[in-house]
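The structure under discussion appears below in the form of structure tokens.
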Amino acid sequence: MPKTKFQDLTFTVIMVLIFVYVMTFYNAGMENGVTFSTFGYALKNMWVEVIGAFIAQRYIASKIVKKLVARIFDENDKPVFKLLATAGFTVSLMAPIMTFYVSFYRLGFSSEFLGHWLSKLVLNFPFALCAQVFYVGPLVRWIFRSLFKKQLATN
């Protein structure tokens, strides 16, 4: 979707902000139950994860995902398959990275670290994949297309 570096940066920022909010909300809800205050809690406590997710997505995952998708698909393949592969590969990389990052941020390298990381990853991965494919991904693409309607129409 993004055609320029600015568009790519904007797309990444929108995706990271919305996705980290959703995952922070999900994890808070899993730990403490979902209440009205969970919405505010997620917004207040997501910012350390936003920084980590932006760095991981922009400088690690996106480069690997682009290479993987390019290796499997060519320009004649249906865009929906490329989109689903991109979503799947992105979650497959970002879920372990971000779960590791958040586990380290919360626990440090303690005796509980590995068990915490793996148990959180088992819970986060399926939710992240479904959220990316069915909700967050489509929402972010709609927002992006709305923001860059004129620029995308001229390309």
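Values reported hereafter were calculated over all heavy atoms of this structure, with side chains retained and with hydrogens, waters and symmetry mates removed.
Here the shortest heavy-atom pairing between A61 and M94 reads CB-SD, 3.7 Å. Contact record, P2 with F11: CG-CB, 3.8 Å, taken as the closest heavy-atom pair. Shown here for I18 and V136, the closest heavy-atom pair between the two residues is CG2-CG1, 3.8 Å. Minimum interatomic distance between L93 and I64 (heavy atoms only, all atoms of both residues): CD1-CG2, 3.6 Å. When all heavy atoms of A87 and V133 are compared, the pair lying nearest together is CB-CG2, 4.1 Å. Shown here for T38 and A28, the closest heavy-atom pair between the two residues is CG2-CB, 3.9 Å.
Linking ILVMFWY side-chain heavy atoms closer than 4.5 Å, directly or via other members, places V80 and F89 in a single hydrophobic cluster. Put simply, L9 and I60 are part of two different groups of oily side chains (I, L, V, M, F, W, Y) that touch within less than 4.5 Å, one to the next. The cluster map of Ile, Leu, Val, Met, Phe, Trp and Tyr, joined by side-chain heavy atoms under 4.5 Å apart, puts Y135 and I14 in different clusters. Residue L121 is grouped with residue F100 when hydrophobic side chains (ILVMFWY) are merged at heavy-atom distances under 4.5 angstrom, including chains of intermediate members. Linking Ile, Leu, Val, Met, Phe, Trp and Tyr residues whenever their side-chain heavy atoms come within less than 4.5 Å places F144 and M15 in a single cluster.
Atom-to-atom distance recorded for L123:CG and L118:CG is 11.5 Å, nearest 0.5 angstrom. Here the CZ-OG1 distance, from F73 to T86, works out to 8.0 Å after rounding to the nearest 0.5 Å. Atom CD in E49 sits 9.5 Å away from atom CD1 in I51 (nearest 0.5 Å). Rounding to the nearest 0.5 angstrom, the gap separating the NZ atom in K78 from the CG atom in L84 is 12.0 Å. Note that OG1 of T4 and CZ of F148 are 6.5 Å apart. Values are rounded to the nearest 0.5 Å. Rounding to the nearest 0.5 Å places CG of L147 at 9.0 Å from CH2 of W142.
Open room surrounds CZ on R106; 12 or fewer heavy atoms of other groups in view lie less than 6.0 Å from it.
Looking only at distances, no side-chain donor or acceptor of T99 sits under 3.5 Å from a matching main-chain atom of P96. Remark: side-chain polar atoms of K82 are paired, donor with acceptor, to backbone N or O of D74 under 3.5 angstrom.
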Query raised in the report: Between V16 and R58, is a side chain to side chain contact (heavy atoms under 4.5 Å, CB included) present by the stated rule, with each step listed?
Result: CA-CA 10 Å; V16 165; R58 184 92 174 146; over 6 Å; no
Report task. Given side chain to side chain contact (heavy atoms under 4.5 Å, CB included), test F125 with S92 step by step and report yes or no. Result -> CA-CA 8 Å; F125 183 83; S92 295; 3.9 Å; yes
Requested in this report: Applying side chain to side chain contact (heavy atoms under 4.5 Å, CB included), run through V102 and N27 and close with a yes or a no.
Outcome: CA-CA 11 Å; V102 173; N27 279 287; over 6 Å; no
Report task. Just do the side chain to side chain contact (heavy atoms under 4.5 Å, CB included) check on Q57 and T90 with the steps written out, would you? Result -> CA-CA 8 Å; Q57 175 60 32; T90 299; 3.5 Å; yes
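Among V91, V22, V140, the single residue meeting the side chain to side chain contact (heavy atoms under 4.5 Å, CB included) criterion with Q132 is V91. Of the options T24, I55, V20, a side chain to side chain contact (heavy atoms under 4.5 Å, CB included) to V50 is made by V20 and by none of the others.
Aromatic ring pairs are classed by plane angle as parallel below 30°, tilted from 30° to 60° and perpendicular above 60°; the pair F109 and F104 is tilted.
With a 4.5 Å cut-off on side-chain heavy atoms, M98 and M23 do not count as touching.
Under the ring-ring contact (aromatic ring centres under 6.0 Å, His included) criterion, Y26 pairs with F127, not counting sequence neighbours.
Sorted by first then second residue, the ring-ring contact (aromatic ring centres under 6.0 Å, His included) pairs that include residues 28-60, not counting sequence neighbours, are F25-F39.
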